[in-house]
Participant: 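Sending over a structure as structure tokens; questions will come in a sec.
Numbers here simply count residues along the sequence, with the first being 1.
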Amino acid sequence: QVQLVESGGGLVQAGGSLRLSCAASGRTLSGYLMGWFRQVPGKEREFVAAISRSTGATYYADSVKGRFTISRDNAKNTVYLQMNSLTPEDTAAYYCAAGVQQFGVQRRSTYDYWGQGTQVTVSS
């Protein structure tokens, strides 16, 4: 079992930045594909970014490419999402996820473990 806890969310003005953290316990994250998803009320949870367990390859949704950066620190058992140039459209609850599989990184079903989420609100 892997327990994931997100932190770092909050209220920020448009154009600002936030860094989300996802701390894991129970297992080392180095063996997992790690992803970030986000969800607004009434909509499906959508893929934001992912980082592979082996090569460190990163993947991004088109809507965040060039603005968000996912990274992992295996020594700290933590994954990060650096979010820059935030817009009100980025307002959502952000969820961290861990998966054993290494393909289908944009699919929710790929991931086995999920955190409880952290809210990000971007004001205009």
Participant: Is the W114 to F37 ring centre distance short of 6.0 Å?
Facilitator: yes
Participant: Taking the side chain as C-beta and beyond, is there a heavy-atom pair between L11 and V120 under 4.5 Å?
Facilitator: no
Participant: Spell out, as yes or no, whether a donor-acceptor pair under 3.5 Å connects the side chain of R38 to the backbone of A92.
Facilitator: no
Participant: When you measure from the side chain of N77 to the backbone of L29, do you find a donor-acceptor pair of N or O atoms at a distance under 3.5 Å?
Facilitator: yes
Participant: Just so I know, are the side chains of F68 and L86 near enough to count as touching, which here means a heavy-atom distance under 4.5 Å?
Facilitator: yes
Participant: Is there a donor-acceptor pair closer than 3.5 Å between any side-chain N or O of T91 and the backbone N or O of V122?
Facilitator: yes
Participant: Show your reasoning for whether side chain to side chain contact (heavy atoms under 4.5 Å, CB included) applies to I51 and Y59.
Facilitator: CA-CA 6 Å; I51 185 166; Y59 309 86; over 6 Å; no
Participant: Give me the atom names and distance for the closest heavy-atom approach of R67 to S63.
Facilitator: NH2-O, 2.9 Å
Participant: Any luck finding a side-chain donor-acceptor pair between N84 and S17 under 3.5 Å?
Facilitator: yes
Participant: Would you call E46 and R108 a salt bridge, taking side-chain N to carboxylate O under 4.0 Å as the test?
Facilitator: no
Participant: Does the side chain of M83 reach to within under 4.5 Å of the side chain of Y94, using non-hydrogen atoms?
Facilitator: yes
Participant: Between S52 and L33 (side chain of the first, backbone of the second, donor and acceptor by atom type, cut-off under 3.5 Å), is there such a pair?
Facilitator: no
Participant: Apply side chain to side chain contact (heavy atoms under 4.5 Å, CB included) to residues M34 and L4 and explain how you reach the verdict.
Facilitator: CA-CA 11 Å; M34 299 301 300; L4 303 172; 4.3 Å; yes
Participant: Please check if atom NZ in K65 has more than 12 non-hydrogen atoms from other residues, nucleotides or ligands closer than 6.0 Å.
Facilitator: yes
Participant: Locate the shortest heavy-atom distance separating T118 from E6; write the atom from each residue and the value.
Facilitator: CG2-CB, 3.9 Å
Participant: On a heavy-atom basis, which atom in G35 and which in Y111 lie closest, and how many Å separate them?
Facilitator: N-CE2, 3.7 Å
Participant: Can you list everything that forms a ring pair (Phe, Tyr, Trp, His ring centres under 6.0 Å) with Y113? Sequence neighbours excluded, please.
Facilitator: none
Participant: Under the 6.0 Å and 45° cation-pi test, does R45 pair with Y95?
Facilitator: yes
Participant: Show me, pair by pair, the donor-acceptor contacts under 3.5 angstrom made by side chains of residues 100-107, not counting sequence neighbours?
Facilitator:
unit_1 : atom_1 : unit_2 : atom_2 : d
Q102   : OE1    : R53    : N      : 3.2
Q102   : NE2    : V100   : O      : 3.3

Participant: Identify the heavy atoms of S123 and P88 that sit nearest to each other, and give their distance.
Facilitator: C-CG, 4.5 Å
Participant: Just checking Q116: does its CD atom have more than 12 heavy atoms from other residues, nucleotides or ligands closer to it than 6.0 angstrom?
Facilitator: no
Participant: Using every non-hydrogen atom in the two residues, find where A49 and L81 come nearest and quote the distance to one decimal.
Facilitator: CB-CD1, 4.1 Å
Participant: Is there a donor-acceptor pair closer than 3.5 Å between any side-chain N or O of S30 and the backbone N or O of T28?
Facilitator: no
Participant: Main chain of A50, side chain of Y60: is a donor-acceptor contact present, judged purely on distance under 3.5 Å?
Facilitator: no
Participant: Step by step, would you call L20 with Y80 a side chain to side chain contact (heavy atoms under 4.5 Å, CB included)?
Facilitator: CA-CA 6 Å; L20 305 183; Y80 304 98; over 6 Å; no
Participant: Could you pull out the closest heavy-atom pair between T78 and S21, with the gap in Å?
Facilitator: CG2-CB, 4.2 Å
